[in-house]
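Presented below is the structure to which this report refers.
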Amino acid sequence: MARKTTEKPRRTSPGAAAPPPAPAALPAAEGGIRPWHLLMMATALALAAGVFATRGTSPVNAVAIAVAIGSVAWVAAAVARTVAPLVAPELGEQTEMVGGRTRAALDREKFLVLRSIKEVEFDRAMGKISVGDFDEMEGRLRARAAGLLRQLDADRSGYRALIERELSTRVGRVPHAGPPAALSPADPVVPLGTCPDCGVANDADARFCKSCGARIEAAR
Amino acid sequence: MASLGSFLLMATLVVSAYAIAASVAGARRGSRGLVESGIGAFYLVAALMTAATSIIVHAFVTDDYSIKYVQRYSDLAQPLFYKITSYWGGLDGSIMFWVFLLALFGSLAVYVNRDRHRELIPYVVAIISAVQMFFLFMMIVHKNPFETFLVQTPTDGRGLNPLLQNIYMVVHPPSLYIGFVGMTIPYAFGMAALITGHLDDSWLRAVRRWTMVSWLFLSLGLTLGMIWAYEELGWGGYWGWDPVENAGLLPWFTASAFLHSVIVQERRGMLKVWNVSLVIITFFLTIFGTFMTRSGIVQSVHAFGEDRTLTWMFTVFMAAILLFSFAWVIKRLPLLKPRYDLDSWVSREAAFVANNWILLIAAMLVLFGTMFPTLSEALTGNRLTVGPPFFNRWMAPIGLILLLLTGVAPLLAWRRSTLANLRDQFLWPVVVMVAVAVAVAALGVRVWSAGICFALCGFVAATITQEFVRGARVRKDATGTDVLTAGIGLVMRERRRYGGYVVHLGIVLMFFGFAGEAFKADQQVLLRLGEEATVRHYTVRNTGVKTSEDAQKQMVTGHIAVSEDGKSLGTMYPARWFYRKHEEQPTTEVAIRRTVAEDLYLVMPAYDISDQSMSLQVVVTPLVNWIWAGFGLLVLGTGLALLPERAFAFALSRAPAEASLS
C-alpha cells in the first residue's frame with residue numbers, strides 16, 4: 001500500500017494529490033522551449049540558407065559552408081557555456097569531498113588497488129615475485145584497499161544526504177515538502193548492491209555484503 | 001572572409017587569456033562559477049579554431065587567391081584532396097593547424113577528466129591555454145595565414161610542393177602533429193599536479209592513456225615518414241637522420257621512457273621526480289622539434305626556411321617552459337620522495353631504470369647530432385655537419401642494448417630476482433638465442449651487428465612467447481577453462497601488460513627489418529637501349545624511355561624488363577615527373593617490387609630521350625617489409641592496451657565451480 005502512495009504523484013497528472021509547488025516546476029523543466037532548442041533551429045535554418053545560397057556552385061562549396069555554419073553554432077554554444085556559470089547563482093560544491101579528494105577519485109583508486117592486488121597475485125603465480133616480497137607487497141596493497149574502503153564507508157551518511165538534496169533539487173521538489181515516505185529506506189528504487197539484511201551499500205557487482213556477509217544476489 | 005579569419009584568431013587569443021585568468025582565479029578563490037566559466041572558454045577556443053579552420057579550408061577549396069597563404073600553396077589544377085591538405089603544407093597554416101588540434105585534443109581531455117580530476121582541471125585549462133596563446137600570438141604578429149594581397153589578386157596559385165603531393169605526406173604531418181600536440185596534455189596534467197600538490201598517482205592515470213595515444217600517433221607519423229622517404233625521395237633508404245625526422249624521434253624516445261617508468265611508480269612508488277621530469281622534457285622536446293623545423297636553424301630537406309623573429313619567440317618560450325616547470329618541480333621536491341629505494345640491480349625496476357637511461361641517452365645523442373652543425377657554427381664560425389654514419393655508429397649499439405632489455409626486463413622479478421628464479425625464467429629464451437646465433441653463423445652471415453641483432457630478436461621473441469604460454473597456463477589453472485579462452489582472458493585482463501608485449505613483438509620485427517640494411521646492394525648503371533645489367537640475382541634491361549603528360553605535369557617513364565635468375569618478372573617503370581609550377585624540381589617516382597624477403601628498388605636519376613639511354617640506380621633492400629609489418633603489430637598492441645575496461649568481458653569472468661565439473 002505504501003508503495004502505491006509514493007508512486008502515484010509522479011505518474012498521474014499533477015494536480016489533486018501532489019503538493020502545490022510540483023505542478024508549477026515540472027512542466028517548465030520538461031515541456032518548455034530551452035535555449036538550445038532555439039540554437040538547433042537557428043543552425044538548421046542557417047544550414048538550409050547556406051546550402052541554398054551555394055546553389056549552382058560545386059557541392060564541395062556547399063559542404064564547406066555547412067561546416068562553417070556548424071562551427072559557428074558550436075561557437076555560440078561555447079559562448080553560452082562560458083557565460084552561464086558567471087550569471088547563474090554560485091553553485092555549492094556538488095560532489096562530495098572525502099579527505100580532500102572527490103568520491104569518484106577514491107572509488108577509482110579503490111578499483112585500481114584491487115586490480116593491483118590481482119596483478120601481484122598473477123605475478124606470484126608466474127614466478128615473478130618471491131614469497132617474501134609477495135607477502136609484503138600484497139599486505140601493503142590490502143592495507144591500502146582496506147583504508148580506502150573504510151574511508152569510503154565512513155562518509156556514507158553525508159553522501160546519502162547529498163544525494164537526497166540533489167535529487168530533490170533536480171526533481172523540483174522542495175525538501176521535506178513531499179511525502180516523507182518518498183525517501184525512506186522502503187523506497188522501491190534501491191541502488192544496486194544494497195544489502196537486503198543490514199542495508200549497507202556495497203559495490204554494484206558484489207555478491208556478498210561486506211558488512212554482515214549476507215548473500216546479495218539471492219535478494220535480486 | 002580573410003578579415004573574419006584574422007578576427008577569429010584574435011578573438012581566440014583573447015578567449016585563451018580569459019580562460020587562463022578565470023580558471024586560475026577560480027581555483028585560488030574556490031569559486032566554482034569562475035572555474036566552470038574558464039572551462040567553457042576553453043571549449044570556446046576549440047569552437048573558434050574550428051570556425052577559423054573551416055574558413056581557411058573554404059578559401060582553399062574555392063580557390064580564393066586573395067589570401068597569400070592560399071595562393072602560395074594551392075593552384076587551380078590541384079586535385080581537391082590536396083587542396084584541403086595544403087592547409088598544413090606551409091609554415092603559417094601548420095601553426096594554425098597545430099593550435100586547432102591542440103584545442104580539440106585539450107577540450108576532449110578536459111571533458112573526459114572534468115569530474116574525475118576536478119582538483120587538477122583549472123590548472124590543466126590554464127596551461128594548455130598558455131601554450132595555445134603562444135602559438136596564436138606568433139600567428140597574429142608574425143605569421144598570419146589570413147594575410148591578403150594588398151593590391152592585385154593573382155589569378156592562379158603557385159601550387160603545393162610536388163614532393164608533398166603524396167598520400168603518405170597527407171597523413172604523415174597530421175599524425176606527427178597529433179603526437180606532438182598530444183604530449184601537451186600529459187604535461188598540463190603533470191604541472192597541474194605539481195601546482196596543486198596532488199602528487200599521488202592519480203595524475204599519472206589521467207595521462208597514461210593520453211600519452212599512449214600520442215605515442216601511437218608519433219609512431220605512425222614516424223613510420224609514414226619512413227615510407228614516404230623510401231617511396232618518394234628515391235635514395236633507396238627510409239631513414240636519413242634528417243633533422244626533421246630527428247625532431248619527431250626525440251619526444252618519441254622520452255615518451256617511450258615515460259610509458260615504462262610510469263609502471264615503476266605505480267607498482268613501487270619510485271621514480272616520481274623522474275616521471276614528472278620526463279613529462280616536462282617530452283613536452284619541451286615537442287616544442288623544440290617544432291622550433292627546429294620552423295625556424296630554419298638547422299638545414300633539412302623539409303624545413304621551412306630561416307626566420308630570425310621566430311627564433312627569438314621560440315627561444316623565449318622554451319626558456320620560460322623550462323624555468324617555470326623545473327621551478328615547480330624543485331618547490332615540490334619534498335612531496336616527490338620515493339616510497340622505496342632500489343633493492344637490487346637484478347630486478348624489474350632496475351631494468352626499467354636502465355631502459356630509461358638508454359632511451360634518454362639516445363634522445364640526447366640524436367639531439368646533439370642534430371644540433372651539432374648549428375652549435376659548431378655558433379662556436380667556431382664553421383658549419384660542421386655530422387652525417388648518417390655518425391648516427392648509425394652510435395645508435396646501432398644503443399638500439400641493440402634496448403632490444404636486449406626488451407627481452408630481459410619481463411623475465412626479471414620485481415624488487416629482486418633470485419638465482420633459481422633467473423634460471424627458471426631465462427633457460428628457454430637463452431637457448432633460442434644461442435640456436436639462432438649458431439644458425440645465423442652457419443648460414444654464413446659475417447656482419448656482427450646484424451648477427452647479434454638476429455640473435456637478440458630470437459631471444460626477445462622467445463621471452464614474449466614464454467610469457468604468453470606461462471600466463472595462459474596459470475590462468476587456465478585458476479579459472480578452469482580451456483587454453484584458448486584462458487589465453488584471450490589473460491590478454492584482456494592484463495591488457496596493458498600483454499598489449500605491451502605485442503608492441504615489443506612489433507619492435508622485434510622492426511629490428512629484424514633494420515638488420516636487413518646490412519645486406520643491402522646499391523649499384524648505379526648506365527644503360528643504353530637494349531642493354532642489361534645484373535645486380536645480385538636480378539637482371540634489368542632498358543627497353544625504352546617514354547614521355548606522357550596530364551593536367552598538372554609531364555612524365556618521363558623508363559621501361560625496364562626485369563628477370564630473376566633468368567626467369568622474367570615483367571616490366572618496371574621508374575619515372576621522373578615535372579610539375580608545371582615547379583619544373584626546376586622534378587620528382588622521382590620509384591619502381592618497387594616487394595617480396596617478403598627483399599625489395600627490388602629502381603630509380604632513374606638521369607635519362608636521354610634522344611637515344612633512349614638512362615642511368616639506373618638498382619637497389620636491393622632485404623627484409624624492409626618486416627619493418628612495416630612490425631609497425632602493424634605495434635598499432636595492434638597499443639590498441640589492446642588502450643581498450644576500455646569492459647571489453648571482451650566473456651573471457652574475463654571466472655567460470656562457476658559447477659561448470660568445470662559438468
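The chains referred to below are lettered A, B, ... by the order of the sequence lines, with proteins before strands, and numbering in each begins at 1.
Taking CZ of R473(B) as the reference point, atom CE of M126(A) lies at 10.0 Å (rounded to 0.5 Å). Atom CG of D123(A) is separated from atom CD of E494(B) by 7.5 Å, given to the nearest 0.5 angstrom.
Of the two parts of T62(B), only the side chain, counted from C-beta on, holds a non-hydrogen atom closer than 4.5 Å to a non-hydrogen atom of chain A. For I55(B), no part lies under 4.5 angstrom from a heavy atom of chain A. Using a 4.5 Å cut-off between heavy atoms, R348(B) touches chain A through its side chain atoms alone. For Q425(B), the part lying near chain A is the side chain, with the backbone staying farther off; criterion is any non-hydrogen pair under 4.5 Å. Of the two parts of L412(B), only the backbone, made up of N, CA, C and O, holds a non-hydrogen atom closer than 4.5 Å to a non-hydrogen atom of chain A. For L80(B), the part sitting under 4.5 Å from any heavy atom of chain A is the side chain, from C-beta outward, and nothing else. If you measure heavy-atom distances from V57(B) to chain A, you find no contacts under 4.5 Å at all.
Looking at heavy atoms from C-beta onward, N61(A) lies in side-chain contact with H58(B) at the 4.5 angstrom threshold. With a 4.5 Å cut-off on side-chain heavy atoms, L34(B) and L86(A) count as touching. Side-chain contact between L490(B) and F122(A) is present, with heavy atoms from C-beta onward closer than 4.5 Å. By the 4.5 Å heavy-atom criterion applied to side chains, F42(B) and T82(A) are not counted as neighbours.
For the set T50(B), D477(B), D424(B), the count of heavy-atom pairs under 4.5 angstrom toward chain A peaks at T50(B). With chain A as partner, the option from A52(B), G38(B), S347(B), A46(B) having the largest number of non-hydrogen pairs under 4.5 angstrom is A46(B).
In plain terms, the two heavy atoms of S37(B) and P85(A) that are nearest each other are N-CG, 3.7 Å. Across A47(B) and A78(A), no two heavy atoms sit closer than the pair CB-CB, 4.3 Å. A pairwise comparison of heavy atoms in V75(A) and L44(B) identifies O-CD1, 3.5 Å as the closest pair.
Electrostatic pairing of R81(A) and E36(B) counts as a salt bridge here, judged by a charged N lying under 4.0 Å from a carboxylate O.
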